[in-house]
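Read through the structure below, which is laid out as C-alpha cells, and then see the notes.
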Amino acid sequence: MEKLKLVMIGNGMAGVRTLEELLKLTPDLYDITVFGAEPHPNYNRILLSPVLAGEQTFEEIVLNDLNWYAENNIRLMLNRKVVEIDRVKRRVIAEDGTEAEYDRLLIATGSNPFILPIPGNTLQGVIGYRDIADTQMMMTTAETHRHAVVIGGGLLGLEAANGLKLRGMDVTVVHIGDWLMERQLDPTAGKLLQTALENRGLKFLLPKQTAELIGNDEGRVKAVRFADGEVIPADLVVMAAGIRPNSELAEKAGIPCNRGILVNDTLQTYDPRVYAVGECANHRGIAYGLVAPLFEQAKVCANHLAMLGFARYQGSVTSTKLKVTGIDLFSAGDFMGSEGTETITLSDPIGGVYKKLVIKDDILVGACLYGDTADGGWYFRQIREDHNVSEIRDHLMFGENALGDTGHQGQNKAMSMPDDMEVCGCNGVCKGTIVKAIQEHGLFSVDEVKKHTKAASSCGSCAGLVEQILINTVGGAADVKPKSEKAVCGCTDLNHGQVRKAIREHHLTSIPDAMAFMDWNTPNGCATCRPALNYYLISTWPGEAKDDPQSRLINERAHANIQKDGTYSVVPRMWGGVTSPSELRRIADVADKYEIPMVKVTGGQRIDLLGVKKEDLPNVWKDLDMPSGHAYGKSIRTVKTCVGSEFCRFGTQNSTQMGIDLEHALFGMWSPHKVKLAVSGCPRNCAESGIKDVGIIGVDSGWEIYIGGNGGIKTEAGEFFVKVKSAEEVMEYSLAFLQLYREEAFYLERTVHYMQRVGLEHIKKAVLDDEERRKALHQRLLFSLSFEQDPWKEQVSKPQLKKEFDRIAVRELEVEA
Amino acid sequence: MNWLDICALDEINVLGSRIVVGPKGDIAIFRTSNDEVFALDDRCPHKGGPLSQGLIYGKRVACPLHNWQIDLESGEALAPDVGCTHKYSVKVENGRVLLSLEEASLCA
C-alpha cells in the first residue's frame, strides 16, 4: 500500500519534535517531506544567545543533523520558503516552484520578531533576533561597528545586548516598560537585574518610547530618536520587542487565525487535514513561546497524526526559569500578587538574592526568585498541585531543604558544582558527564539523562539534582514534569492516574484487556508498565483480576530477593519480630543443610539467609516450615516492635502484641511500594516508629499513629496522624490509611511521596473525618486480603513449580536437523 | 547440525524462560507471547546478571539486576547501553524445544 504523504512547513524545534514523536509511534505510516526556509537542519533556537556570546558554536546547537533526516527517510527541502498552501489540490508550493502534495499537513512556521511600525524600520542594520542569520549578522556587525541599540528589555533583548557587549560593542537597551522583563519579574527583581547588568557595562533607557530610526546617505541606520526628542547614535538596531505568531500562510489559505493559527485540543486546525504546532498556533487563546508547552503539543499532535487519536492538549501552566547573562531568575504563577493575596519576601540586595512568594487562601499561587533559583522547581510543583502550605509556611521561604533533609541533597546548587563532582553515588556519574550527554545527545528530560548516563537510574535520590543540572543546561526547554503528569512509560501516553481510573471505571481485569482498551502501543508492554498494571489490576479488582507472575519482577516471582551473583536471600516471617527456639533450630538446620553462606539479622527484626541457590528455594521453604517474610515484595514487609509493657519497666502498652496482631492482619498485602510498620510501647520509641510508613507509639492514655515516615534514601519523619484509645482503633485507622494508599498511590510511590503529592489534609479527610469511609476502606482491605495465602506454602504445593525453579540438564538426544 | 531435545514448549511459561545447564555455563531459553523461542547465554553483558530471571516483553528481556534491555534475536544490548551476549540456535518442532550448541554466534 502506498504510504500517506505528510508535509511539514517549518523546520524548527516544535515541528521536528512532533516528527520525532510520530516516528516513535509509527515509523512507517507516512512519507514525510519537510520545507525549511533556513539553510540549516533543526537547531536549538534557545541556544542562539550562547552562540552570540561566543560560548558555543553553531555546530554545537544543532539538534538533528542531516543524517537524522536521511536515516528516517525524510525528504528535506532546505532554503525553500513555502509561499502557498493549495487546500483544494492538497499541495504546498515553495518560492522556487517546488511542489509537494499532502494527505496531512503540519504547519510549524514559528513566529516572527515584532518590528516596530516606525519610520526607518527597513534601514540596513535594523534586524530582529530570531535565527542563525540574525545572529551571524550581529556577529559581523560587531566587528566593524560600535554603537548598538537593543529595543526591548525582555529576555531576548537582554541576551542580545549581553552578547553584543561581549563582542565589544557599546550597547544601550531601550525599554518601554517601567522595569526590565515585566512579564517575568516584579519591579524589585527587575531593578536588581538592571543594576547587575549596568555593573557589566550595559546602558539602559527606560521607560522610553522609540519614535524613529534615522539613516545615513547609504541607507544604513545611524541614530535612534525617541518620543521625548532625545537622539542617540546607533549602527545596529536589534528589535526584540516581542514575537508574533507566523500565521500568514495559513491565513492566505483561508484557515481561521487570530493571533496565531486556531487549533483545537488535538492541534488540528479548521481544516481537518491540517495541523499546527508551536509558536504559530493559538490554542484556547494562547500562543505559547516557551519550549516546554510546545513539546507537549508535539506529543499530542503526533498521537493524532499516528491515528491513535486519544491524546488531548489542554494548555500548559508555565514557569520561567532563566539564566540571563549568568544571573538566575525564576517566576511562576501570579508573582505580582493581586487582591486577596499575601506575600512573603526575602531581600538581600548586596548578596544579589531576592525571593518573593505569593500566597492566597493558604495556597502558593506565585513565586518570583532572583539570584537563587534552586527551589524554583519545588515552588512550581506547589503552585501546580495546589498544596495547602499553611503547615510549612514558616519554612516555605527556605525551600524544600528546610523541610528536613539529612540525606544526599546537601549540595543543592547544581550550578556551582564543579564538573568532576559526583552527582549519582550509585553509578558514579559526575556533573560533567551529565552536562556533556545533555549537550551531545540533545536531551530534554530526566528520563533521557537516566538512559544515557545511568545517573539517577538506581536509587533515584539524585533525581532532583539531575533535574537542576538539566534545567541549567537547556533552560526552559527542560521537560520536568511531576510523576502525576508523566506517561507511565514509552508504551502509552497515559499517566498513572489515568491508567488507574480506566481500570476502575471500565472494570478491566486482565493485562491484555487493559492494554487493548487503553491502546498500548507495544504488544506486551515493558518492564516498567507490566508490573504497574499488574498491581493496579489486583488491587482494584481483588478476587477478579488474576495475578500474572510473568508481569512481576523476579523477586516477587521467585518470592525471594535476587543477589548480585544470581543467588537469592530468604527471610522467613517472624510475627512482630518474635521467634522461638524451635524456629531458630529449623533455621540453623536449613542453613547447614543447604550450605547457606551467610545468616544475618536484618533491620526489621528478622533473620536473613543469604546466598541460596534458586533451585533450592522450594526445599528451603519446606524445611523452614515458616511463612514467607515478604522481604522481596512491594508489599507489607515487617512490623517492628519493642518489648513493651510485658517486660519493659517503662512500657505503657503491649506493643509486641499490637505488632503481632497488625502483622497477622496485613499478611499478604500487596501495595504500590514496600510498607513497613513499627509499634513502640512508650515515647522512648525503641522500635523507631517515627520513620515507618505507619508508626505507632503507645502512651499511657492510648496510641499515637504517625504516617508517611521513611528511613531510606531520604530520611523523612512521619507526620502525626491521630491519637486513639484502643487497639481495635489502631487496627481500623492503620488499615484504612493503608487501603487509601493502595487505592490512590502510583506504583512505586512510597507513602511519604504519596502523602506529599495528595497532602496530609486529603488523607485526614478520608480516614479521620469520615467514619463511614474509614470503615469502608478498612473492609475493602480485609476483603482484598481474604484472597491472599502464604506464597511459600502455595508454591511448595504447586505442580507447576518446576517451570520456575528447575534447571534442565542437557540430554544428548539428537534429532534430525 | 546436532539438535538437543530440551523440553516441551509448554514447559516454558509464555513470556517466561528456562535455564539449560550448558557445557560452558547456563543458557537461558525464552518464550515470547507468540511462542517464538530464543536462546542466549544466561549472562547480561553488563554485570553478568541472569537474564533468564528478567521480565520478557516483545522480543526483549530486561536484566533483573540493573534493567539493561537485551534484544533476544541478536543478543545485543539496547542503546544507549552497549554490549552483547552469545546466542544459540533454537527452534520448536512438534511442540518440542530443540537447541543446538554448535555455531553459537559469538559477540564481536
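Please read these numbers as outputs of a predicted model, since none were measured by experiment. Convention: sequence-line order gives letters A, B, ...; per-chain numbering from 1.
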Considering only heavy atoms and a distance below 4.5 Å, find which of A:R552, A:H441, A:R557 pairs most often with chain B. A:R557
Heavy-atom distance under 4.5 Å between the side chains of B:Q53 and A:I562, does that happen here? yes
Using a 4.5 angstrom heavy-atom cutoff, name the option from A:T522, A:I554, A:T528 with the most pairs to chain B. A:I554
Should B:I19 and A:K614 count as side-chain neighbours, where that means a heavy-atom distance under 4.5 Å? no
Heavy atoms only, distances under 4.5 angstrom: which of A:K451, A:K564, A:H452, A:R530 has the most pairs with chain B? Name it, please. A:R530
Side-chain (A:N524) to main-chain (B:Y57) donor-acceptor, under 3.5 angstrom: no
Contacting moiety of A:S551, where chain B heavy atoms sit under 4.5 Å: backbone
One pair to check against side chain to side chain contact (heavy atoms under 4.5 Å, CB included): A:K454 and B:D81. What are the steps and the verdict? CA-CA 9 Å; A:K454 303 293 163 225; B:D81 295 324; 2.7 Å; yes
Would you sort out whether A:D806 and B:R18 count as a side chain to side chain contact (heavy atoms under 4.5 Å, CB included), showing the intermediate values? CA-CA 8 Å; A:D806 278 7; B:R18 293 298 296 264; 3.8 Å; yes
Could you look at A:E615 and say if it's the side chain, the backbone, both or neither that has a heavy atom under 4.5 Å from chain B? neither
Which heavy atom of A:G566 sits nearest a heavy atom of B:P50, and at what distance? CA-CG, 4.0 Å
If you take all heavy atoms of A:P523 and B:G58, which pair is closest and at what distance? CG-CA, 4.4 Å
Flag the one option from B:S52, B:S33, B:A62 with the top tally of heavy-atom pairs under 4.5 Å to chain A. B:S33
Do any N or O atoms from the side chain of A:R807 and from the backbone of B:D26 form a donor-acceptor pair under 3.5 angstrom? no
